[in-house]
Amino acid sequence: MTGTSFAPAVPWGDALGQEAAVDALRQAASDPSKLTHGWLITGPPGSGRSTLATAFAAALIAEGEHDVATMKQVLAGTHPDLTILKTEGTVIAIKAARELAARSYYAPSLGRYRVIIVEDADRMPERTSNVLLKALEEPPERTVWVLCAPSEADLLPTIRSRVRTLRLRELETGDVARLLVERTGADPAIAEQSARHAQRHIGMAQRLVTNDAARERRDETMRDVLRLRGVGGVVDVASRIVQVANDDAKALTAERDEAEQAAFMRSVGLADGAKLPPVVRSQLTALKKEQEQRAKRSVRDGLDRVLTDLQSLYRDIVMLQLGRETDIINSEYLDEMRRISEAKSATHTLTVLEHLSETRDALGHNVQPALALESLLVTVITGRKP
C-alpha cells in the first residue's frame, strides 16, 4: 500500500491523510470569499476531527502562514481567541452552551478571528442545540464556529443547514502506524499492532504504542475471554474486566488530575502544602468534584473500550467462519480464534456480536457493569442471550 503523505508544516502537520479537507480549510483561512462562519467536521472516531478543527483555528487566528508563533499558541490551546468546548459527561450541558453563545459575540482580542470549537457536538440534546442555533444564524463577522461529530445525522437539521460540512476519510492501518513511528519513535511492529488493535483510532493507537501497561491490560482481557470454557468462570472474568477498566481509568486520570491541581495552585499563587484560604479551598473542592465526575466517565469509557476490543475479536471469528482471513484485527490470537470458529456456528458468533452492541448501549445508561458483563459472557458460552 502506498502511504498517505502528511499535511505540510504548521499547523497542518498532524492532519494525517486528510489532504482534501486540509486544502479546503487552508483556502478558507486565507481567502474570505471561501470562508463560511459555521463548519461541521465529520468522520469516524480517531479520524482527527478535533486535530483538524484546531489546525483550522490556528490558520484563522494567525496573521498568515508566516505567523508560526501564534499558530503554535493556538495549537497549545492557550490563545485567548480560541475557545474549545469539551464534555466529560454524556451530554453537553445547556449552561455551557449559553456561555459559549455569549462568548461568540466578543470581538477577537489579538487574532484575525475568534474561533469556537465544539468537540463531540453529537452530545448536544435538542435544547442545547437550540441555544447555539441563534449564534450560528447570526454570527459576528469575525467569529467562526467549528463543530465536530461522527456524522451529519448526529445533529439537528436546523444546525446542519447553517454549517458547511467536511467529511474526513477513514484512515488505513499503515497510515496510522507510520504516524505513530514519526511521532513517538516506536518500533514499527508495535506501531502496526497498536494501529490495528485501535482500529485506526489515532488517539487510542498512540496510547497503546506508548503505554506497555495499556497493551498488557488489553491482552489480558482478550485472553481471559478466549480461555472461557463454561458458565462457572463467568463471574471471575466479568470481575477482572471491570477491574481492568478501573485500572485503565485511574492510569488515564491520575496524572491529568495532579497536573490540573498543581496548575490551579500556581494560578492562585500558593506553593504545594500551603494553607488554603477559604475562597481558594472552595474553588479547589469544585475542581476535585469535576475530576471525580470525569473519573466516573473515564471508567465507562474504559468499559466501552473493552467491549469495542471484544467486538473486533468476534468480528474476526465470524470472518474466519465465513472463510476469510484477510484484514484480521487480532492476528495475535489467530489459533485460538480458529478453534472457536470451528467449534461454534456463525449464528452463535453473530448473537455474541449483537449482545456486545446491546451491552455497550446498556452501560451508557448506567446499568451495573458486572451484571451486564456476566450476562454478555453467558452469551459467549451458550450462544443465547439470557
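What's counted below: heavy atoms across the whole structure, side chains too, no hydrogens, waters or symmetry copies.
- Cluster annotation: Leu334 and Val318 are assigned to the same hydrophobic cluster (Ile/Leu/Val/Met/Phe/Trp/Tyr, side-chain heavy-atom contacts under 4.5 Å, transitive).
- Counting heavy-atom neighbours within 6.0 Å of Lys134 NZ, excluding the residue itself, gives a total of 12 or less.
- A salt bridge does not link Glu342 with Arg338: every distance from a Lys NZ or Arg NE/NH1/NH2 to an Asp or Glu carboxylate oxygen is 4.0 Å or more.
- Cluster membership for Val131 and Met124, using ILVMFWY side-chain heavy atoms within less than 4.5 angstrom, is not shared.
- Counting heavy atoms of neighbouring residues, nucleotides and ligands inside a 6.0 Å radius, atom CZ of Arg229 exceeds 12 of them.
- No side-chain donor from either of Ser312 and Asp309 sits under 3.5 Å from a side-chain acceptor of the other.
- Taking Ala343 as the reference, nothing meets the side chain to side chain contact (heavy atoms under 4.5 Å, CB included) condition, with sequence neighbours excluded.
- A donor and an acceptor atom, one from each side chain of Asp154 and Ser151, are located under 3.5 Å apart.
- The number of heavy atoms from other shown groups lying within 6.0 Å of CZ (Arg324) does not exceed 12.
- Considering CG of Asp212 and CZ of Arg217, their distance stands at 10.5 Å, rounded to 0.5 Å.
- Using a 4.0 Å cut-off between charged side-chain N and carboxylate O, Asp175 and Arg169 make a salt bridge.
- At most 12 heavy atoms of other shown residues, nucleotides or ligands fall within 6.0 angstrom of atom CZ in Arg103.
- A salt bridge links Glu358 with Lys385: the closest approach of a Lys/Arg side-chain nitrogen to an acidic carboxylate oxygen falls below 4.0 angstrom.
- In the displayed structure, Tyr105 atom OH is contacted under 6.0 Å by more than 12 heavy atoms of other residues, nucleotides or ligands.
- Below 30°, between 30° and 60°, or above 60°: for His197 and Tyr333 the angle between ring planes is below 30°, a parallel geometry.
- For the residue pair Gln321/Ser341, the side-chain donor-acceptor check at 3.5 Å is not satisfied.
- Ion pair Arg26/Glu65 flagged as a salt bridge, since at least one NZ, NE, NH1 or NH2 atom sits closer than 4.0 Å to an Asp/Glu carboxylate oxygen.
- With hydrogens and angles left out, the side-chain atoms of Asn330 and Arg218 include a donor and acceptor closer than 3.5 Å.
- Side-chain polar atoms of Thr173 and Glu192 form no donor-acceptor pair below 3.5 angstrom.
- Side chain of His79 to main chain of Lys72: no donor-acceptor pair is present (N/O by atom type, distance under 3.5 Å, no hydrogens or angles).
- Between Arg360 and Gln311, some side-chain heavy-atom pair lies under the 4.5 Å cut-off.
- In the hydrophobic clustering of ILVMFWY residues, with side-chain heavy atoms under 4.5 Å counting as a link, Tyr314 and Leu307 come out together.
- Look at Glu138 and Arg162 and you find no salt bridge, because none of the NZ, NE, NH1 or NH2 atoms lies under 4.0 Å from a carboxylate O.
- Residues Glu332 and Arg196 are paired through a salt bridge, judged by an N-O separation under 4.0 Å between the basic side chain and the carboxylate.
- For the pair Arg215 and Asp219, the salt-bridge criterion is not met [side-chain N within less than 4.0 Å of a carboxylate O].
- Salt-bridge annotation for Glu152 and Arg167: present, with a side-chain N of the basic residue lying under 4.0 Å from a carboxylate O of the acidic one.
- Hydrophobic clustering of Ile, Leu, Val, Met, Phe, Trp and Tyr side chains at less than 4.5 Å, counting indirect connections, keeps Leu373 apart from Val244.
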